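Working notes, beginning with the structure itself.
By convention here, the first residue in the shown sequence is residue 1. Because the structure is a prediction, the values reported are computed rather than measured. Worth knowing before you read on, the calculation uses all heavy atoms, side chains too, and leaves out hydrogens, waters and symmetry mates.
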Amino acid sequence: MAEPSVKGLEALLKANHAVVEQLELPVVLERIVEAAVELVGADYGALGVIAAHGGIDQFIHVGMDAAAVERIGRLPQGRGLLGALIDDPHPIHLHRIADDPRSSGVPAGHPPMGGFLGVPIRVREQVYGNLYLSNRGDGGFDDEDDGLVIALAATAGVAIENARLFAETKRRQAWSAASAEITSALLSGEQSDSMALIVDRVLELSRADIVCVLMPSDRPQHLVIDVAAGIGDGDLAGILVPVSPENATRMLEGRHPELLDDIDITLPNGVELGPAMAVPLIAAGRAEGVLVVARTDPAHGFTTADLEMAADFAGQASVAMQLAKARADQQRLLLLEDRGRIARDLHDHVIQQIFGTGLELQSIAGSLGGTPAAARLHESVGHLDASISQIRTAIFALSPPASETATGVRHSILDLATELAARLGFTPHVSFSGPVDLLVTDDLARDVIAVIREAVTNTAKHAAAARTSVSVAAADGRVVVDVTDDGVGIGDPIRRSGIANIARRAEKRGGTLELDPERAEGDASTGTHLRWAVPFELAAERK
């Protein structure tokens, strides 16, 4: 290799200065090619950035006008001499490209090329890319050109490394600023959907195609999307996603952030995810879910630095999940406390006042003898008794059961009424009389609930009712269930299998089933009244 001349050294210093004065990586890459072309007087120059899996990821070129680039069409993919330099990263110096058997020729529409000089660019002993030069204006490339371009390539490697470090520093600053924003939102409590904010910021900072939080589901080898941002995010929340057993284990049970070359997940809209970062969301020592940051292009994976920054954000997501649960528990506790207070006030004050008023009215009615006014007072006392019964039902609805396993039949019936409200279009009125929770237990309780479900479901299907009421009474040795509605009537009960099931339950317990028991013969009024009555002593004997 010939020693460079003074003129060559001056040109090299100028080229080095042009390369190192920039810190933005895209600009640095373009300056390297421009400086190399100017340094040796080449017509054409290019820099091919090597992809992680081989081939050329980026191709920055100088010397051809837009019309020539359009005629050529697709940029080089790393074959021929370009591929040879990738496979064997040592300088290639040719007087004529066509003389080398590794040459695959030039693309159609490409200007003619004669001499060729290719030099690898190394960053920390790793080949980052290759510098290609062709067609020196005053003849072929010589040994001095080799030395100058190799020296420039060394400077280019340092410039690229500095640009990459600068870009990574800027990205870390952006991640830190976003992390501070998330922390502020979590601590202030003003951000109602912290998880969505976290996912949006990760999508923006990671330059991913999609970011989502996957949670465990009831179906094996399936995770459910809790929140998502990116491709098709509006249609993804709540969607089950099939995940291979290997990936599910690695993402959830591994409990460590991991880079995946191919996460092997296909979204419902047909988009296939490729390279990804999977970061478990750890809460209370176990993985509650996983933050998935993915791209669709297999050639553009993530780096270890990306994973470190995403893992920091995943810690924020874990905090957000725990805060959301804590706030939900707090709201539930406040609601239960408020309900308990209302129930106590109804029991200790309202019922006692109504009961005292009823006693006073009974006393007044007794002093009036058999007058019409006394009859009206007795009727009013009956209305007050009914109101007390309704208030007691409300108290049971407001008061939570002592434990999840000790839920009485009253709470079960009230829960059933709430469940069936969606089918009816309204919530049925429910009332109780007598010690229902004490006497209606075990199998008898299950029969009572089944009878109410069947009767109210029939009302929803056939009656077109605007009002339905359910009454359960335990007195005089019997449990009586009354279900009434103001609909169009029951029609032909013989054809209704649900009515037959209710009748069999009554018969099995030595009880009765009556339809419209209080309606006089020939009464054409609408509505249905079902009465199911069984002795509760029989239930005790069968235990």
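For the pair Thr427 (side chain) and Thr418 (backbone), a donor-acceptor distance under 3.5 Å is absent. Side-chain atoms of Arg122 do not come within 3.5 Å of backbone N or O of Gly129 as any donor-acceptor pair. A donor-acceptor pair is defined here as one N or O able to donate and one able to accept, closer than 3.5 Å; no such pair exists between the side chain of Thr296 and the backbone of Leu273. A donor-acceptor contact shorter than 3.5 Å links the side chain of Asp306 to the backbone of Thr303.
The line from CD1 of Ile150 to CG of Asp145 is 10.5 Å long, rounded to the nearest 0.5 Å. With rounding to the nearest 0.5 Å, the separation of CG in Leu240 from OG in Ser217 is 5.0 Å. A distance of 5.0 Å separates CD of Glu144 from CG of Leu148, quoted to the nearest 0.5 Å. For the atom pair Leu117 CG and Arg136 CZ, the distance stands at 10.5 Å (nearest 0.5 Å). Rounding to the nearest 0.5 angstrom, the gap separating the CZ atom in Phe166 from the CD atom in Glu161 is 14.0 Å. Rounded to the nearest 0.5 Å, atoms OG (Ser206) and CZ (Arg295) are 6.5 Å apart.
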With a cut-off of 3.5 Å and sequence neighbours excluded, list every side-chain donor-acceptor pair involving residues 274-282.
none

Stepwise side-chain contact (heavy atoms from CB on, under 4.5 Å) test for Ile452 and Ile413
CA-CA 8 Å; Ile452 294 173; Ile413 293 172; 3.9 Å; yes
side-chain contact (heavy atoms from CB on, under 4.5 Å), that's the test. Do Leu291 and Val211 meet it? Break it down for me.
CA-CA 7 Å; Leu291 178 71; Val211 177; 3.8 Å; yes
Determine, stepwise, if the pair Lys461 / Thr457 fulfils side-chain contact (heavy atoms from CB on, under 4.5 Å).
CA-CA 6 Å; Lys461 287 181 178 179; Thr457 301; 3.8 Å; yes
From CA spacing to verdict: side-chain contact (heavy atoms from CB on, under 4.5 Å), Phe302, Leu307
CA-CA 7 Å; Phe302 295 96; Leu307 185 64; over 6 Å; no
Could you check Arg172 against Glu168 for salt bridge (Lys or Arg N to Asp or Glu O under 4.0 Å), going step by step and ending with a plain yes or no?
CA-CA 6 Å; Arg172 287 188 181 276; Glu168 183 175 321; 3.3 Å; yes
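Between Arg31 and Glu38 no salt bridge is recorded (no basic side-chain N to carboxylate O distance below 4.0 Å).
Thr169 is linked by a side-chain contact (heavy atoms from CB on, under 4.5 Å) to Gln173, counting only residues two or more places apart in sequence or in another chain.
In this structure the side chain of Tyr44 never reaches within 4.5 angstrom of the side chain of Phe116, judged on heavy atoms.
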